[in-house]
Amino acid sequence: MKIIKIALMGIGRIGKIHLRNINQHFPGAAVVAVADPLYDEETFKKDHGNLFFSKDPLEAITLPGIDAVMICTPTSSHATLIEAAIKNGKHVFCEKPMDLSLERTAELVLMAKNAGVKLMLGFNRRFDPDFMKAKKSIAEGKIGEVQIVKITSRDPGLPPIDYIKNSGGLFMDMAIHDFDMARYIMGKEVVEVFSKGLVLVDEAVGEAGDIDTALTTLTFDDGTYAVIDNSRKAVYGYDQRLEIFGSAGMIQVDNNLHNHNILYNETGIHHALPLDFFMDRYAKSYLHEMDLFIDSLVNDKEMPVGGNDGLQATRIAFAAKLSMGEGRPVMLSEISLTAKQLA
Ligand SMILES: NC(=O)c1ccc[n+]([C@@H]2O[C@H](COP(=O)([O-])OP(=O)(O)OC[C@H]3O[C@@H](n4cnc5c(N)ncnc54)[C@H](O)[C@@H]3O)[C@@H](O)[C@H]2O)c1
């Protein structure tokens, strides 16, 4: 059996999750090389074993036998690394977003297509078992015609302000997952975006040019809606809920809790808090997305989340920013014209 050999770029929070998942769970693939300019080789080998390591991404990408490149670096480096992988004929998995410029994102999607290279985006939430079950129930007609999707997506706390400054902003960094989820659940394209945003958590976020609280309404091509609410800080933990309302019923996906003990007493009914953050809340989704990525490479299948999905979510994020700035609903068709100004 051929083993898919992967070069991993970036061994930070998400890179560590993918490295562990691939090398412990999937005999059909292996991360054989890692590049990270901020690690030294000795520490890397102590932490992660005897894999090829370089501070130079290109050295890992061009190592003989590499089939695919997995990009888990800060967003500002994604485009350069995607391009390097494509030019060396490697398949690509990239964390979101591909780039903060829409033109560059479109260019990369086209480049991958023309090179015959597979490109997958890390929209892992699609592969959460509960969200997948919701999608399946919709497809089976269990709630009739879907009319409204409500997504609640709140982080447990602010990331460092330096991270915020380089993130592309709340819509591009955080809500982009929810924009993709809305498209995935509905199976339709967005035509209009109306967003509002505030700084309620920390003034430093505003000083960094961003918001920490947002509300977005998406209108789909058949007139139906998604409503998304985002906050960078929910004091009770990582709040990730979904409600889908249809002509014949409703589906709710509630938070995953630390445990399922429920205490009833005279002061109320008490249960555990939601899981802390993405590492534990979405642990199963990361495993499943890797399974599908590897399966697409081994069996020459289409990627489950492709370049166009990345591009569409990025367009919606641009529209959201423009809508908030101008205080009006923005047609998605406007976005290709304004992307350069916004980048
Ligand atoms: N899908 C998800 O749930 C999810 C969750 C967190 C982060 N992300 C995305 O993953 C990416 C990384 O986020 P993170 O939180 O793991 O960041 P991080 O800061 O924890 O890790 C990034 C690592 O990349 C390294 N790096 C920087 N430039 C590099 C380069 N040119 N080549 C190789 N390595 C380089 C850094 O030294 C660092 O170790 C971001 O794009 C982020 O948006 C996705």
Side-chain angles (χ1 to χ4, degrees), residues 6-21 31 33-41 43-44 47-48 51-63 69-85 92-100 105 108 120-128 131 153 155-181 184 210 230 232 238 240 275-290 292-293 304-305 309-310 313-314 317:
I6 297 171
L8 172 70
M9 308 289 110
I11 187 76
R13 294 184 304 173
I14 199 80
K16 285 192 184 99
I17 293 174
H18 293 319
L19 172 64
R20 192 185 55 234
N21 282 347
V31 174
V34 175
D36 193 316
L38 298 186
Y39 245 81
D40 69 273
E41 187 162 359
T43 317
F44 175 82
D47 292 348
H48 302 288
L51 304 179
F52 175 89
F53 177 83
S54 173
K55 283 177 182 288
D56 177 6
L58 210 56
E59 241 182 50
I61 293 171
T62 56
L63 197 70
V69 173
M70 182 156 291
I71 300 168
C72 301
T73 59
T75 299
S76 55
S77 56
H78 289 181
T80 308
L81 294 171
I82 294 172
E83 185 166 350
V92 179
F93 174 96
C94 185
E95 286 298 340
K96 54 75 199 170
M98 282 182 270
D99 194 68
L100 299 180
T105 303
L108 291 166
M120 177 164 169
L121 263 288
F123 286 130
N124 59 293
R125 295 183 193 176
R126 290 183 179 215
F127 310 113
D128 172 78
F131 295 161
S153 178
D155 282 356
L158 277 180
I161 293 299
D162 270 350
Y163 176 92
I164 287 190
K165 282 182 186 156
N166 296 309
S167 68
L170 181 144
F171 294 122
M172 191 63 84
D173 179 57
M174 180 183 173
I176 195 166
H177 273 296
D178 308 308
F179 300 150
D180 179 68
M181 178 59 67
Y184 165 72
D210 200 6
N230 297 111
R232 285 284 193 186
Y238 194 34
Q240 298 284 295
L275 291 175
D276 298 330
F277 208 8
F278 61 87
M279 299 83 153
D280 47 6
R281 167 64 182 84
Y282 286 117
K284 284 185 183 159
S285 77
Y286 295 124
L287 264 174
H288 196 201
E289 82 174 342
M290 276 311 112
L292 293 173
F293 176 66
V305 193
D309 295 308
T314 305

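Atoms within a ligand are numbered from 1 in the order they appear, just like the ligands themselves. Just so you know, these numbers come straight off a predicted model, no measurement behind them. Throughout, numbering of the chain's residues begins at 1 and tracks the sequence.
Of the protein's heavy atoms, Ser77 CB, 3.9 Å lies nearest to atom 31 (N) of ligand 1. Nearest protein heavy-atom neighbour of atom 4 (C) of ligand 1: Ile14 CD1, 3.7 Å. If you check which protein heavy atom lies closest to atom 39 (O) of ligand 1, you get Asp36 OD2, 2.6 Å. Among all non-hydrogen protein atoms, the one lying nearest atom 40 (C) of ligand 1 is Thr73 O, 3.5 Å. Summary of contacts: the protein heavy atom closest to atom 21 (O) of ligand 1 is Gly12 CA, 3.1 Å. For atom 3 (O) of ligand 1, the closest heavy atom belonging to the protein is Tyr286 OH, 2.6 Å. Distance from atom 20 (O) of ligand 1 to its nearest protein heavy atom, with residue and atom name: Arg13 N, 2.9 Å. Ranking the protein heavy atoms by distance from atom 43 (O) of ligand 1 puts Lys96 NZ, 2.9 Å first.
Taking every heavy atom of Gly10 and a limit of under 4.0 angstrom, the matching atoms of ligand 1 come to 23 (C), 24 (O), 25 (C), 33 (C), 34 (N). Atoms of ligand 1 found under 4.0 Å from any heavy atom of Pro57, numbered from 1 in the order shown, are 32 (N). Atom numbering of ligand 1 starts at 1 in the shown order; those under 4.0 Å from a heavy atom of Gly122 are 1 (N).
Heavy-atom distances between Arg125 and ligand 1 stay at or above 4.0 Å for every pair. At least one heavy atom of Phe278 sits less than 4.0 Å from an atom of ligand 1.
In summary, the aromatic rings of His48 and Phe53 are positioned with their centroids too far apart to meet the 6.0 Å limit.
Side-chain contact between Met9 and Ile61 is present, with heavy atoms from C-beta onward closer than 4.5 Å. Using a 4.5 Å heavy-atom cutoff, the side chains of Ile71 and Glu95 are not in contact. Here the side chains of Ile14 and Tyr286 are in contact, with some heavy-atom distance below 4.5 Å. Taking 4.5 Å as the limit, some side-chain heavy atom of Asp47 sits within range of a side-chain heavy atom of Tyr39.
Counting only non-hydrogen atoms, the option in Met172, Glu95, His78, His18 that gets closest to atom 8 (N) of ligand 1 is Glu95. Across Pro74, Ala84, Gly168, heavy-atom proximity to atom 27 (C) of ligand 1 is greatest for Pro74.
In Pro97, neither the side chain nor the backbone holds a heavy atom less than 4.0 Å from any atom of ligand 1.
At most 12 non-hydrogen atoms from other residues, nucleotides or ligands lie less than 6.0 angstrom from NZ of Lys284.
Between Tyr39 and ligand 1, no N or O atom pair is found at a separation short of 3.5 Å.
Taking 4.0 Å as the cut-off between side-chain N and carboxylate O, Arg232 and Asp173 count as a salt-bridged pair.
Remark: Arg281 qualifies as a cation-pi partner of Phe131 under the 6.0 Å distance and 45° angle criteria applied to the six-membered ring.
No donor-acceptor pair closer than 3.5 Å links the side chain of Asp180 to the backbone N or O of Ile176. In terms of modelled atom types and a separation under 3.5 Å, the side chain of His177 and the main chain of Phe123 share no donor-acceptor contact.
The two residues Lys55 and Pro37 make their nearest non-hydrogen contact at NZ-O, 3.4 Å.
The nearest protein heavy atom to atom 15 (O) of ligand 1 is closer than 4.0 Å.
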